[in-house]
There are 2 protein chains.
Amino acid sequence: MSETPRSLPAKTRRKQLIKATIKCIAKNGLSGTTMADVTKLAGLSLGIVNLHFETKEKLLVETLRFITDEYRNGLDKIFFNENLSTEEKIRAHVAFDFSRAIADRNKLAVWFAFWGETKSRPTYHSICADYIDEIAQNLTQLFSILKNEQNYQSVDPELVCTCYTALSDGLWLALLLTPKSFKADDAKTIAMHYLKTQFPNNFTMT
Amino acid sequence: MSETPRSLPAKTRRKQLIKATIKCIAKNGLSGTTMADVTKLAGLSLGIVNLHFETKEKLLVETLRFITDEYRNGLDKIFFNENLSTEEKIRAHVAFDFSRAIADRNKLAVWFAFWGETKSRPTYHSICADYIDEIAQNLTQLFSILKNEQNYQSVDPELVCTCYTALSDGLWLALLLTPKSFKADDAKTIAMHYLKTQFPNNFTMT
DNA sequence: TAAATGAATGAATAGTTATTCATTTGTGAT
DNA sequence: ATCACAAATGAATAACTATTCATTCATTTA
């Protein structure tokens, strides 16, 4: 086993601390997360957070930014992938929403903890508002293109985007609350079930 | 203006404190909610929570129980109402989900705050698991009856129940995060849009 | 009207936790 | 090797907050 070097690039240390924060929020809740817990989980000393983030509040903000960036960047990679058809992009979007990296219970606990605080913390709110808007625009566009490509008459792309997004968030909650009886594959099945209702020619088979 | 009497039935005081707690969680977040805030918002003294709930933690548990009971009881009243047809019950369920009393942003903030802590607090988790299970059973039954009554061939009642429930939770999130551009009526429209895809004969008109 | 009751108060306490910073330690340059 | 520098440490501090409980006060009872 290689020893962890005492000195490390600042970015690596920051990511290490953010990952410990995610675990800690999942384990103890946002209200039960202390600096002592986070640094102990990271295997580092108490003062390290001050060194890399100045305050606890800034560490929490960067933690929220980390999970929103991970989500946004993953979807952008799909959206801007020239090798995928529109249908394939939508399929990839669903697969990503319920992939190991994203539909992870630790991260889901973090999402919900921060969502619960958005009303009281403008900083949290604006971080969330940003990514939501960008993703909605891209997804609406995909549905709109598919509608035109395949001549779906009565589809309302914006409504379908809002509906799919809400459905996906609600399925995340089911994964968080009932992990024993409800798995990522079940969630994916339900998401596809909805898309079939709107685009039966594209999502009915396989 | 009538003076608030100094002495009041215990139940009334407890409800008063729970309502102050809901406002306080919405205003300051779960992690930022202090006994001083809650009691000040209720217009009472610091020691009152200890008198009526023993500890802060028990006040929080009762607050969660309050909103889950309110939700469950409201839906039970619909489900067991002999005067409503199955279709009317489902319509009433949707209307209730996005009614003033339920889709209130203060209460939504409380829901999400507690959901974010369910992974770390078994008590919160079991309170949520209970109501979810009961509601799912009743709603699945409604979809099942409607399927048989109206001869819908390919509807899977259990899947539709999970899908509707997730959709409703996700729409609550949209109401919490984007209250300016997304209103309860928009949420209701989207929920009905999904039900139409499954039961076009019942939910397409009006 | 006076005494008894118990709900409500809030100053004081005890415990917790974020933050600070003097000291230690590893690393790379000379 | 030695030095200079930066990263990391953790004991001490300062701030905050849940809980306690002796006291106050309104209401009820005799």
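Since we're looking at a predicted model, the values are computed, not measured. Letters A, B, ... are given to chains in the order of the sequence lines, protein chains preceding strands, and every chain is numbered from 1. Worth knowing before you read on, the calculation uses all heavy atoms, side chains too, and leaves out hydrogens, waters and symmetry mates.
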Within residues 55-63 of chain A, the residues having a heavy atom closer than 4.0 Å to DNA chain C are A:Thr55, A:Lys56

Respond yes when some side-chain nitrogen or oxygen of A:Asn50 is under 4.0 Å from OP1 or OP2 of C:dT19, and no when none is.
no

Hits for salt bridge (charged side-chain N to carboxylate O under 4.0 Å, His left out) against A:Glu70, two or more places apart or cross-chain, chain-then-number order -> A:Lys107

By side chain to side chain donor-acceptor pair (under 3.5 Å), A:Ser120 pairs with (sequence neighbours left out) none

Listed pairs under 3.5 Å, donor-acceptor, residues 174-182 of chain A side chains, sequence neighbours left out:
{"from": "A:Thr178", "atom 1": "OG1", "to": "A:Ala174", "atom 2": "O", "distance (Å)": "2.9"}

Scoring nucleotides 10-16 of chain C by protein non-hydrogen atoms under 4.0 Å (B base, S sugar-phosphate only, - none) yields BB-----

By side chain to side chain donor-acceptor pair (under 3.5 Å), B:Glu88 pairs with (sequence neighbours left out) B:Ser85

The side-chain contact (heavy atoms from CB on, under 4.5 Å) partners of A:Lys196 (sequence neighbours excluded) come to A:Phe203, A:Thr204

Give the C-alpha distance, both sets of side-chain angles, the deciding distance and a yes or no for salt bridge (Lys or Arg N to Asp or Glu O under 4.0 Å) between B:Lys40 and B:Asp37.
CA-CA 5 Å; B:Lys40 195 179 174 186; B:Asp37 294 331; over 6 Å; no

Sorted by chain and residue number, the salt bridge (charged side-chain N to carboxylate O under 4.0 Å, His left out) partners of B:Lys27 (sequence neighbours excluded) come out as none

With sequence neighbours left out, the residues meeting side-chain contact (heavy atoms from CB on, under 4.5 Å) with A:Arg121 are A:Glu57, A:Glu117, A:Tyr124, B:Ser31

- prompt: Given C:dA7, is OP1 or OP2 found less than 4.0 Å from the side-chain N or O atoms of B:Arg13?
  reply: no

